[in-house]
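Have a look at the structure below before the remarks.
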Amino acid sequence: MIYFIDGHFTRRDELRISIDDRGYYFGDGVYEVIKVYNDELFTLKEHFQRLFASAAKIKMTIPFSEQQLIDVAKELIKVNKISNGHIYMQVTRGSSPRTHHFPDPAVSAVVTAYAVEAERPVEDMENGVAVKSVDDIRWLRCDIKSLNLLGSVLAKQEAREAGCPEAILHRDGVVTEGSSTNMFGIKDGVVYTHPVSNLILEGITRHVVLDLCKDLEIPVVEEAFTLDEAFEMDEFFYTSTTAEVMPVTAIDGIAIGNGKRGRLTKKLQDAFSAKIPSPLKGSI
Ligand code: PMP
């Protein structure tokens, strides 16, 4: 397996990582996960734009251009022969003896990236999954795709211990998003989701799905809803780069709608699949 680290392509067993990397000490960095379908990166421009936007929000300069990083991602897919899977890329504020403030003088940010083969979660996409509600204890800059993921890690673990693959997060009963996904409810044919703000990550898949709603003439209301309202939805689903459009059939053990994948959710999944670079592997 070939990785990209600190400007070089390197074999995994030859990787050298600095103990002083601020990623270790502080989670001081940002990252992206980009899906590969049939040898092609999906919505790559959007992901790289968000990577640079996240870096700017933490006042960090990425020592490569967007095009250079796109070339790195494409090279990783090629040399590792990844057809369907994803790219992981992170940028940390660099390597420097531990001080909370930024290194002074500044050091170069470190880009690390790899590519892995991964199947689409087709079974869950057909059958739907259950989620568990968890208090959203994260910080107030969830719009930054930061490496600091402890709030999400704890939420995901709590859900997992309840037998659920995802947590539905809420602040004082108001649903924000998932631990690594955006949440959507459907009531009387209208799709509801939390508006873009500092309280959620502006998901790339969220955007794709909202565009699909427009194409399919499904009305959308970008307004926060409560957990109590979530239980009353006819359909529910979440989105992310790896989960795509994932039906939610139960929240906290209570069935949503008829407890099966909803009709509009399926319609959105089909429209999403049609957007993926073909030929489709593992179509649903
Ligand atoms: N919210 C959070 C907190 C996430 O971590 C993610 C996935 N990284 C998402 C939403 C979904 O974003 P995307 O569709 O860009 O994968």
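Quick note: numbers below take in every heavy atom, side chains included, and nothing from hydrogens, waters or symmetry partners. Ligands are counted one by one from 1 in listed order, and the atoms in each one are counted from 1 as well.
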Checklist line | Distance-only side-chain donor-acceptor flag, Y3 / R12, under 3.5 Å | finding: yes

Next item on the list: Return each pair, listed once, that meets ring-ring contact (aromatic ring centres under 6.0 Å, His included) where at least one residue sits in residues 85-108; pairs must be two or more places apart or across chains.
Entry: F26-H100, Y31-Y88, Y88-Y114

Item checked: Minimum-distance pair of heavy atoms, taken over all atoms of L199 and R138 -> O-NH2, 3.5 Å

Check: Any ring-ring contact (aromatic ring centres under 6.0 Å, His included) pairs touching residues 211-244, not counting sequence neighbours?
Finding: F184-F237, F225-F236

Margin query: Can you confirm whether the side chains of S95 and D21 place a donor and an acceptor under 3.5 Å from each other?
Written below: no

Does ligand 1 have any N/O atom under 3.5 Å from a protein N/O, and what are those pairs and their distances?
residue  : atom   : partner : partner atom : Å
ligand 1 : 1 (N)  : E177    : OE1          : 2.7
ligand 1 : 8 (N)  : K145    : NZ           : 2.2
ligand 1 : 14 (O) : I204    : N            : 3.4
ligand 1 : 14 (O) : T205    : N            : 3.0
ligand 1 : 14 (O) : T205    : OG1          : 2.6
ligand 1 : 15 (O) : R50     : NH1          : 2.9
ligand 1 : 15 (O) : R50     : NH2          : 2.9
ligand 1 : 15 (O) : I204    : N            : 2.8
ligand 1 : 16 (O) : T241    : N            : 2.9
ligand 1 : 16 (O) : T241    : OG1          : 2.6

Next item on the list: Please list, chain by chain and in numerical order, all residues satisfying salt bridge (Lys or Arg N to Asp or Glu O under 4.0 Å) with R171, sequence neighbours excluded.
Entry: D136

